[in-house]
Novice: 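The structure is given below, and queries will be raised subsequently.
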Amino acid sequence: MSREEEIRAELFEHTLNGHAPEVKALTEEALALHMDPMDILFKALIPSLEEVGRRFEKGDFFVPEMLIAARAMQGALVILRPLIAETGAKPVGRYVIGTVKGDIHDIGKNLCVIMLEGAGFEVFDLGVNTPPEKFVAAVQEHEPDVVGFSAFLTTTMPMFKVNIEALTKAGLRDKVHIAVGGAPVTEEYAKHVGADSYAPDASMATRQAKLLVGDRSGQSQGAKALEQAVMKIDETLRKG
Ligand code: B1M
């Protein structure tokens, strides 16, 4: 087994067990060996978190285990983020994003932020547990091309509709593209609540945003960075 393969396996295990110092050290070692940040993300960290979810469903893991695994992964993301998002280009568009009220999951939303920034978008991340009025204020202030709502629980998905109603009431509904996503969300649900688009993952969310601001990003470095990021992710996913 090559050191790269060992690192992937060790990252998987240490993330699963929430060993943050080891995850950080392995991520640094992987980068020193010139492993691709997308490879580290999609072949070690995300599969490990999926396993955490499976164990939680079976009752083998509880909330504290999920939390320490997530924290360990966040430590790696802090290191990977600037490498994936590096672009230096003029923003190709503006994107406001947040996890909806009542929901504190943010790893998937943070991946969207990383991908969007990598594509050259100026992203305003409102964080987690975001109330409708905060989305409204951010759309008023930043006048984004897209506002994105993330929800990771079936119980918080209904906040999409509440947010859209709040934007409508503020007279902003027709001024911004509304995108939604998150693990339990489906295309049908997105249509049902009146969103403009749904994406199953960060790669697709970024691709859709790029299509939306198409002409503006056509010639820019940001567009190239996005294309590269999307291609890398697609390639990694296909191999996986
Ligand atoms: Co929670 N949790 N959790 N959790 N957690 C899930 C989501 C769950 C599926 C676990 C399970 O039962 N198998 C389950 C939800 C069930 C359901 O509603 N259907 C669940 C539950 C029940 C809960 C609690 C209620 C547990 C409890 O307290 N009893 C509680 C809720 C707290 C709350 O929010 N109010 C809770 C708490 C937590 C922790 C705090 C411990 C922790 C979160 C830490 C954090 O995020 N900082 C946690 C974790 C880690 C998970 C799992 C294990 C991992 C989530 C994750 O990060 N996935 C998760 C099980 C699982 O998903 N396997 C689970 C990896 C991530 C890359 O994928 O989030 O899907 P994902 O993001 C993707 C796409 O969804 C998409 O792109 C991302 C990247 O490709 N996407 C978008 C996301 N946003 C988008 C926006 C877009 C477009 C695409 O456009 C705008």
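Every heavy atom of this structure was used, including side-chain atoms; hydrogens, water molecules and symmetry mates were not. Order of listing sets the numbers, starting from 1, for every ligand and every atom in it.
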Novice: For Gly148, counting its heavy atoms only, list the atoms of ligand 1 lying under 4.0 Å from any of them.
Specialist: 91 (C)
Novice: Where does Val128 meet ligand 1, judged by heavy-atom distances below 4.0 Å: at the side chain, the backbone, both, or neither?
Specialist: neither
Novice: Under a 4.0 angstrom heavy-atom cut-off, which atoms of ligand 1 come close to Ala183?
Specialist: 70 (O), 75 (O)
Novice: What protein heavy atom sits nearest atom 81 (N) of ligand 1, and how far off is it?
Specialist: Gly182 N, 3.6 Å
Novice: For the CG atom of Leu126 and the NZ atom of Lys109, what is their distance to the nearest 0.5 Å?
Specialist: 8.5 Å
Novice: Does ligand 1 have any atom sitting under 4.0 Å from a heavy atom of Gln74?
Specialist: yes
Novice: To the nearest 0.5 Å, what is the distance between CD1 on Ile7 and CG on Leu33?
Specialist: 5.0 Å
Novice: Quick check: does any side chain N or O of Asp36 sit under 3.5 Å from a backbone N or O of Met38, one acting as donor and the other as acceptor?
Specialist: yes
Novice: Minimum heavy-atom separation for Phe149 to Leu167, with atom names?
Specialist: CZ-CD1, 4.0 Å
Novice: Name the closest protein heavy atom to atom 28 (O) of ligand 1, giving the residue it belongs to and the distance to 0.1 Å.
Specialist: Val63 CG2, 3.6 Å
Novice: Return a yes/no value for Glu57: is any of its N or O atoms, backbone included, closer than 3.5 angstrom to an N or O of ligand 1?
Specialist: yes
Novice: Inspect the contact between Lys161 and Glu165 and indicate whether a charged nitrogen and a carboxylate oxygen are less than 4.0 angstrom apart.
Specialist: yes
Novice: Provide the number and element of each atom of ligand 1 under 4.0 Å from a heavy atom of Ala205.
Specialist: 88 (C)
Novice: Using atom types as modelled and distance alone, determine if a side-chain donor or acceptor of Asp103 lies under 3.5 Å from a backbone N or O of Ala151.
Specialist: no
Novice: Of the choices Met204, Met157, His105, which has the non-hydrogen atom that lies closest to atom 4 (N) of ligand 1?
Specialist: His105
Novice: Ile104 to ligand 1: N or O pair under 3.5 Å?
Specialist: yes
Novice: Do any heavy atoms of Ser197 fall under 4.0 Å from ligand 1?
Specialist: no
Novice: For ligand 1, is Pro184 a contact, meaning one of its heavy atoms is under 4.0 Å away?
Specialist: no
Novice: Among Glu51, Met66, Glu65, which one has a heavy atom closest to atom 52 (C) of ligand 1?
Specialist: Met66
Novice: Judging by distance only, is a nitrogen or oxygen of Asp106 under 3.5 angstrom from one on ligand 1?
Specialist: yes
Novice: What atoms of ligand 1 come closer than 4.0 angstrom to any heavy atom of Ala70?
Specialist: 44 (C), 50 (C)
Novice: Less than 4.0 Å between a side-chain N and a carboxylate O, is that true for Glu10 and Arg3?
Specialist: yes
Novice: Any idea which protein heavy atom is nearest atom 16 (C) of ligand 1, and the distance to it?
Specialist: Leu153 CD2, 4.4 Å
Novice: Return yes when at least one protein heavy atom is under 4.0 Å from atom 62 (O) of ligand 1, and no when none is.
Specialist: no
Novice: Looking only at protein heavy atoms, which one is nearest to atom 39 (C) of ligand 1, and what is the separation?
Specialist: Leu67 CD1, 4.3 Å
Novice: Quickly, which of Arg173, Gln208, Lys191 forms a side chain to side chain donor-acceptor pair (under 3.5 Å) with Asp196? Name it, please.
Specialist: Arg173
Novice: Does Asp145 use its side chain to pair, donor to acceptor, with the backbone of Arg94 at less than 3.5 Å?
Specialist: yes
Novice: Establish whether atom 24 (C) of ligand 1 and some protein heavy atom are separated by less than 4.0 angstrom.
Specialist: no
Novice: Can you name the closest pair of heavy atoms from Pro132 and Ala166 and give their distance?
Specialist: CB-CB, 3.9 Å
Novice: Considering only non-hydrogen protein atoms, determine which one is nearest to atom 73 (C) of ligand 1 and report residue, atom name and distance to 0.1 Å.
Specialist: Gly108 CA, 4.0 Å
Novice: With salt bridge (charged side-chain N to carboxylate O under 4.0 Å, His left out) as the criterion, how do Glu28 and Lys24 come out once you've worked through the C-alpha distance, each side chain's angles and the decisive distance to 0.1 Å?
Specialist: CA-CA 6 Å; Glu28 282 162 351; Lys24 184 172 180 278; 3.4 Å; yes
Novice: How long is the straight-line distance from CG of Leu211 back to OG1 of Thr206, given to the nearest 0.5 Å?
Specialist: 11.0 Å
Novice: Starting at CG of Leu26, measure out to CG of Leu31 and round the result to the nearest 0.5 Å.
Specialist: 11.0 Å
Novice: Please tell me if atom 59 (C) of ligand 1 is touched by the protein, where touching means a protein heavy-atom distance below 4.0 Å.
Specialist: no
Novice: Could an N or O of ligand 1 be found under 3.5 Å from any N or O of Thr154, whether backbone or side chain?
Specialist: yes
Novice: By number and element, which atoms of ligand 1 are closer than 4.0 Å to a non-hydrogen atom of Asp103?
Specialist: 34 (O)
Novice: Answer side chain, backbone, both or neither: which part of Tyr95 comes under 4.0 Å from ligand 1, heavy atoms only.
Specialist: side chain
Novice: Could you check atom 86 (C) of ligand 1 against the protein and tell me its nearest heavy-atom contact, residue, atom and distance included?
Specialist: Ser150 OG, 3.3 Å
Novice: Report, in ascending order of atom number, the atoms of ligand 1 lying under 4.0 Å from any heavy atom of Phe56.
Specialist: 10 (C), 11 (C), 12 (O), 26 (C)
Novice: Below 3.5 Å, can you tabulate the donor-acceptor pairs from side chains in residues 44-64 to any protein atom, sequence neighbours excluded?
Specialist:
{"from": "Ser48", "atom 1": "OG", "to": "Phe12", "atom 2": "O", "distance (Å)": "2.8"}
{"from": "Ser48", "atom 1": "OG", "to": "Leu16", "atom 2": "N", "distance (Å)": "3.1"}
{"from": "Glu51", "atom 1": "OE1", "to": "Arg54", "atom 2": "NE", "distance (Å)": "3.0"}
{"from": "Glu51", "atom 1": "OE1", "to": "Arg54", "atom 2": "NH2", "distance (Å)": "3.1"}
{"from": "Glu51", "atom 1": "OE2", "to": "Arg55", "atom 2": "NE", "distance (Å)": "2.9"}

Novice: Would atom 10 (C) of ligand 1 count as contacted, meaning some protein heavy atom under 4.0 Å?
Specialist: yes
Novice: Is there a path of hydrophobic side-chain contacts, each under 4.5 Å between heavy atoms, that joins Val176 and Val213?
Specialist: no
Novice: Heavy-atom distances under 4.0 Å decide this one: backbone, side chain, both or neither, for Ala69 against ligand 1?
Specialist: neither
Novice: Which atoms from ligand 1 have a heavy atom of Ala199 less than 4.0 Å away?
Specialist: 88 (C), 89 (C)
Novice: Considering distance alone, does some N or O of Ala202 sit under 3.5 Å from an N or O of ligand 1?
Specialist: yes
Novice: Fit a plane to each ring of His142 and Phe124, take the angle between them on a 0 to 90° scale, and name the class: parallel (under 30°), tilted (30 to 60°) or perpendicular (over 60°).
Specialist: parallel
Novice: Can a side-chain donor-acceptor contact be found between Thr99 and His105 if the only test is distance below 3.5 angstrom?
Specialist: no
Novice: Using a strict cut-off of 4.0 Å, indicate which atoms of ligand 1 neighbour a heavy atom of Phe149.
Specialist: 91 (C)
Novice: Output all residues satisfying ring pair (Phe, Tyr, Trp, His ring centres under 6.0 Å) with Tyr95, sequence neighbours left out; order by chain, then residue number.
Specialist: none
